[in-house]
Amino acid sequence: MIDRLPSPLVGGRALAVVDGEHYPEVVRETLRALPCRVAGALLVGGTEKLREAPDFGVPLLTGSLTEAVSACGADFVLDLSDEPVVGGPERMAYAAQAMACGVPYAGADFRFEPPRLAPFALPSLSIAGTGKRIGKTAVSGHTARLLAERWKVVVVAMGRGGPAEPEVVTDPPNLAELLELSRSGRHAASDYIEDAVFTGVPTVGARRCGGGFASAPFASNVAAAAETAAELSPDLVLFEGSGTVLPPVEARRRILVIGAGQDPGRVFGYLGAYRLLVSDLAVLTLADPQLDTSAMRASVRRIRDVPLIAVALRPRPVADVSGRRVAFFTTAAPHALPGMVDHLRTRYGARVVHATNALADRNRLRTELADLDAELYLAELKAAAVDVVAEHAERRGVPVVFCDTEVAPLPGEPCFDQAVLALATEAIG
């Protein structure tokens with residue numbers, strides 16, 4: 001009997017991934033010796049050793065790996081293939097598909113487990129991203145405001161600087177309270193605080209540490225935060241991810257935020273495709289018209305036929321800035337900055353005298369602030385907005401206005417609000 005099978009999989013029901021580079025007899029004897037029930041085999045290529053239709057001693061399945069897992073009711077996928085048919089990239093793609101089915105993927109010297117998700121009984125929607133600084137929190141805030149017009153919504157947001165214990169915010173803090181929070185050593189621009197300030201809905205803050213290939217956190221208190229959210233008796237809970245990490249809960253529907261300027265290979269390589277495979281809607285953010293998004297769109301379509309909506313992110317000051325000499329602080333990508341500045345000028349009448357995306361670069365930010373001449377600071381509530389920009393503004397006697405973000409679908413794109421409302425309706429049932 002072969003003893004290379006990880007002990008948790010012994011006795012389970014397996015789908016075997018095989019190739020035609022091996023003689024069928026070799027594969028057949030290997031499958032027979034396994035300490036598990038092999039429910040089927042999926043032939044993924046290679047014909048060199050195949051003289052006729054192969055007999056592997058188990059049902060030969062067709063279609064995608066996802067279809068084969070479903071067809072045979074596999075508890076895990078066992079990869080018995082090898083180069084040149086299946087190499088590292090193909091293996092990672094198969095692993096992502098298996099994990100999206102909720103089953104492990106194992107082979108000669110590797111094993112990948114699907115992320116563990118905490119059960120959650122209430123209607124829920126999760127929003128996650130494929131990177132940092134791509135507008136995930138902006139999409140989450142827009143979604144929360146939209147859904148709160150129809151239902152009682154609570155947001156659970158985790159971050160790398162979140163609280164040690166789940167923290168509920170029902171009254172949005174003002175600037176003075178944010179400064180006090182920052183001076184106490186806390187992260188005053190954590191996502192749950194930003195959500196509370198801009199959405200007006202109750203938020204629950206959580207934290208996480210680390211992130212795996214399939215977007216699972218190494219440690220988090222999100223499960224406890226979910227319980228806290230449930231105690232508020234919401235109609236719907238909106239879970240917000242952190243960076244590339246997915247909320248580790250069983251959300252009923254999922255939205256994935258993808259940065260239009262990101263490298264598709266970096267976003268979806270290794271096990272990155274898993275994020276898309278478990279999502280119901282993809283949002284391509286910072287997709288300004290001058291940016292070529294064809295490569296990213298093609299990558300999404302190759303992985304999964306999921307609805308995709310390209311949107312631009314536009315700044316929305318929370319107070320009147322018309323006619324004021326404004327310095328604008330953002331974390332947006334450089335290609336998006338000109339469009340944001342133009343929007344502030346044409347839509348809100350701001351006289352933008354300085355615009356920078358250095359909000360996440362404290363050294364560059366301090367250098368720019370030193371010689372800045374503006375009568376008002378307009379800042380996103382992110383990164384160093386409180387501990388650097390607001391602190392500097394207080395010393396200079398310059399007022400600070402925080403800037404929210406509008407999600408604006410590009411011409412010809414589907415309506416984002418309608419797509420989100422449809423998902424929420426499905427989640428609520």
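What you see is a predicted model, and the numbers here were worked out from it, not measured in a lab. All residue numbers refer to positions in the sequence shown, counting from 1.
Atom OG1 in Thr66 sits 6.5 Å away from atom CG in Leu277 (nearest 0.5 Å). To the nearest 0.5 Å, atom CD of residue Gln418 and atom CG of residue Leu146 are 10.5 Å apart. From Arg13, atom CZ reaches atom SG of Cys72 across 6.0 Å, with rounding to the nearest 0.5 Å. To the nearest 0.5 Å, the span separating CZ on Arg275 from OG1 on Thr244 amounts to 4.5 Å. Of the inter-residue distances, the one linking Phe268 atom CZ with Ile303 atom CD1 reads 4.5 Å to the nearest 0.5 angstrom. Here the straight-line distance linking atom OG1 of Thr330 with atom CZ of Arg133 works out to 9.0 Å at 0.5 Å rounding.
What you find for Ala226 and Val249 is that their closest heavy atoms are CB-CG1, 4.5 Å. Residue Ala336 comes nearest to Leu286 through the heavy atom pair CB-CD2, 3.8 Å, listed as atom of the first residue, atom of the second, then distance. Closest heavy-atom contact between Asn357 and Leu337: N-CD2, 4.2 Å. Shortest non-hydrogen contact noted between Val222 and Met158 is CG2-SD, 3.4 Å. Among all heavy-atom pairs drawn from Gly241 and Asp191, the shortest one is O-OD2, 4.3 Å. Closest approach of Leu125 and Leu236 over heavy atoms only: N-CD1, 4.2 Å.
With hydrogens and angles ignored, the 3.5 Å screen pairs a side-chain donor or acceptor of Asn221 with a backbone N or O of Arg207. Between the Glu90 side chain and the Gly87 main chain, a donor and an acceptor come within less than 3.5 Å of each other. Within the 3.5 Å criterion, the main-chain N or O of Ile258 finds a donor-acceptor partner in the side chain of Thr285. Between the Asp387 side chain and the Ser182 main chain, no donor and acceptor come within less than 3.5 Å of each other. Ser215 places no side-chain N or O within donor-acceptor distance of the main-chain N or O of Gly211, the cut-off being under 3.5 Å. In this structure a side-chain-to-backbone donor-acceptor pair under 3.5 Å is missing from Arg362 to Val388. Using modelled atom types, no side-chain atom of Glu375 and backbone atom of Val326 make a donor-acceptor pair closer than 3.5 Å. At least one donor-acceptor pair under 3.5 Å links the side chain of Asn174 to the backbone N or O of Glu177. Here the side chain of Arg208 pairs a donor or acceptor atom with the backbone of Gly210 at under 3.5 angstrom. Between the side chain of Asp75 and the main chain of Ala14, no donor-acceptor pair closer than 3.5 Å is present.
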Check the pair Leu365 / Phe329 against side chain to side chain contact (heavy atoms under 4.5 Å, CB included), numbers first and verdict last.
CA-CA 9 Å; Leu365 188 59; Phe329 303 89; 3.6 Å; yes
Step by step, work out the side chain to side chain contact (heavy atoms under 4.5 Å, CB included) result for His354 and Phe328.
CA-CA 6 Å; His354 182 82; Phe328 175 52; over 6 Å; no
For the pair Asp417 and His142, evaluate side-chain hydrogen bond (donor to acceptor under 3.5 Å, both in side chains) and give the outcome as yes or no after the intermediate values.
CA-CA 9 Å; Asp417 287 3; His142 179 99; 2.7 Å; yes
Would you sort out whether Arg254 and Ser279 count as a side-chain hydrogen bond (donor to acceptor under 3.5 Å, both in side chains), showing the intermediate values?
CA-CA 5 Å; Arg254 298 186 177 100; Ser279 297; over 6 Å; no
Test salt bridge (Lys or Arg N to Asp or Glu O under 4.0 Å) applied to Asp373 and Arg325, step by step
CA-CA 9 Å; Asp373 180 18; Arg325 297 177 64 256; 3.6 Å; yes
Carefully, step by step, assess Gln97 and Ser64 under the rule side-chain hydrogen bond (donor to acceptor under 3.5 Å, both in side chains).
CA-CA 9 Å; Gln97 293 171 41; Ser64 68; 5.3 Å; no
Tell me, with the steps shown, if Glu394 and Arg183 meet salt bridge (Lys or Arg N to Asp or Glu O under 4.0 Å).
CA-CA 13 Å; Glu394 185 175 73; Arg183 290 164 184 167; 2.6 Å; yes
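Counting heavy-atom neighbours within 6.0 Å of Glu83 CD, excluding the residue itself, gives a total above 12. For Glu180, the CD atom counts as loosely surrounded, since its 6.0 Å shell holds 12 or fewer non-hydrogen atoms of other residues, nucleotides or ligands. More than 12 heavy atoms of other residues, nucleotides or ligands sit less than 6.0 Å from atom CZ of Phe110. The environment of Glu426 atom CD is dense: over 12 non-hydrogen atoms of other residues, nucleotides or ligands sit within 6.0 angstrom.
Judged by distance alone, the side chains of Arg302 and Ser299 do bring a donor and an acceptor atom under 3.5 Å apart. Using a 3.5 Å distance cut-off with no hydrogens or angles, the side chains of Thr137 and Glu240 do pair a donor with an acceptor.
Between Leu344 and Pro317, some side-chain heavy-atom pair lies under the 4.5 Å cut-off. At a threshold of 4.5 Å between non-hydrogen side-chain atoms, the residues Pro173 and Ile193 count as touching. Within the 4.5 Å cutoff, no side-chain heavy atoms of Val283 are placed close to those of Leu256. Between Val267 and Met296 there is a side-chain heavy-atom pair separated by less than 4.5 Å. Counting heavy atoms from C-beta outward, Val156 and Thr203 have side chains that stay 4.5 Å or more apart. In this structure, the side chains of Glu391 and Leu179 come closer than 4.5 Å at one or more pairs of heavy atoms. With contacts defined as side-chain heavy-atom distances shorter than 4.5 Å, the pair Val77/Tyr94 does not qualify. The side-chain heavy atoms of Glu167 and Val204, taken from C-beta on, include no pair separated by under 4.5 Å.
Remark: Arg252 does not engage Asp280 in a salt bridge, criterion side-chain N to carboxylate O under 4.0 Å. Note on Arg347 versus Glu406: salt bridge recorded, some NZ/NE/NH1/NH2 to OD/OE distance being below 4.0 Å. At a threshold of 4.0 Å, the pair Glu149-Arg145 does not count as salt-bridged, since none of the basic side-chain nitrogens sits closer than that to a carboxylate oxygen. No salt bridge links Glu194 with Lys136; every basic N to acidic carboxylate O contact stays at or beyond 4.0 Å. Between Arg150 and Asp235 there is no salt bridge, since none of the side-chain N atoms of the basic residue sits less than 4.0 Å from a carboxylate O of the acidic one. A salt bridge between Asp361 and Arg364 is present, with a side-chain N of the basic residue lying under 4.0 Å from a carboxylate O of the acidic one.
Aromatic pair Phe239/Phe120: centroids less than 6.0 angstrom apart. Ring pair Tyr105/Phe76: centre-to-centre distance not below 6.0 Å.
Residue Val153 forms a side-chain contact (heavy atoms from CB on, under 4.5 Å) with just one option from Val237, Thr199, Leu147, and that option is Leu147. Looking at Val86, Leu31, Val17, Val38 one by one, the single match for side-chain contact (heavy atoms from CB on, under 4.5 Å) with Leu80 turns out to be Leu31.
Aromatic ring orientation, His343 versus Tyr348: perpendicular (interplanar angle above 60°, classes split at 30° and 60°).
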